[in-house]
Amino acid sequence: MKAASAGLTDVGRKRDHNEDSFLIDEELQLYVVADGMGGHAGGGTASRIAVETIDKRLREMRAALETPPASASLQDSPVPETIRSAVEQACLAIFAKAQEDPELAGMGTTVISLLLDEAHAFFAHVGDSRAYLVRGELIQQISEDHSLVNEQIKAGMITPEEARHSRYRNIITRSVGFEEEVQVDVMGLLAEAGDIFILCSDGLANMLEDQEILEIVRASALKEIPTRLIDLANERGGDDNITVIAVRAELDDGPDARTASVVRSP
Ligand code: CA
């Protein structure tokens with residue numbers, strides 16, 4: 001599958017430094033957003049180690065990414081376990097670094113990563129950074145937030161609207177590197193020509209409704225999408241660092257399903 005992409009990060013309007021990191025590796029067709037947290041220098045260090053380690057590990061494991069033809073089923077692919085292992089390696093690397101340096105103690109990061117192969121889009125996810133799929137006139141959130149407010153929504157304790165304004169909305173329930181091991185969600189879907197994937201940190205998702213993201217994606221050239229989304233998040237107050245990657249799948253043809261079926265593991 002061919003793909004085109006654009007990515008941008010911005011400190012926002014309220015923070016004095018940017019703890020988000022992102023990576024676009026066009027050769028591997030790997031895209032990662034990481035939103036770090038913890039201590040003075042910890043957040044930025046954690047998110048940087050995450051994107052660097054994931055990229056390095058996947059380059060080392062390139063052979064495992066050379067998947068069977070597009071006709072092979074999603075479940076047979078070795079890619080999900082490969083990207084899971086890369087995020088686990090990042091977790092170990094961040095944890096080890098934090099043990100060495102008291103100033104970095106307790107650091108961690110979210111990770112949302114996308115890897116494209118011949119026909120599929122694979123995601124590895126920890127925390128509350130998000131992946132969206134824009135297909136035609138629809139937007140679908142692919143990742144499920146590992147956050148306190150999402151747990152509260154699922155338990156019926158609060159509504160999504162209340163979650164948006166909750167004082168607890170920044171609390172995540174899983175992070176990469178805070179502990180030595182982390183449970184990584186891995187998902188895959190069959191991509192279609194024209195699919196646009198948006199990876200973003202919560203500095204975007206907390207400021208814009210999904211429908212607003214959809215409208216901007218549909219109205220913008222691919223290269224303009226990150227800038228326009230970040231501009232709107234900043235107009236709304238720019239409470240947090242904001243990172244956006246937009247990736248468009250440009251394969252020749254594909255099945256005609258309108259809604260992607262997402263295979264999740266575990
Ligand atoms: Ca954030």
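Just follow the structure's listing: the first ligand is 1, and inside any ligand the first atom is 1.
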Are Phe197 and Tyr31 an aromatic pair, judged by ring center distance below 6.0 Å? no

Are any N, O or S atoms from Asp35 nearer to the Ca ion (ligand 1) than 3.0 Å? yes

Flag Glu19 as yes if one of its N/O/S atoms falls below 3.0 Å of the Ca ion (ligand 1), otherwise no. no

With sequence neighbours excluded, tell me which residues meet side chain to side chain contact (heavy atoms under 4.5 Å, CB included) with Arg48. Ser21, Thr45, Glu52

Could you grab the angle centred on the Ca ion (ligand 1), going from OD1 in Asp202 to OD2 in Asp240, to 10°? 90°

Tell me which donor-acceptor pairs under 3.5 Å the side chains of residues 226-233 have, and how far apart each pair is, sequence neighbours excluded?
| from | atom 1 | to | atom 2 | distance (Å) |
| --- | --- | --- | --- | --- |
| Arg228 | NH1 | Ser220 | OG | 3.0 |

Checking Lys154, Arg130, Arg174 against Glu144 for salt bridge (Lys or Arg N to Asp or Glu O under 4.0 Å), the one that qualifies is Lys154

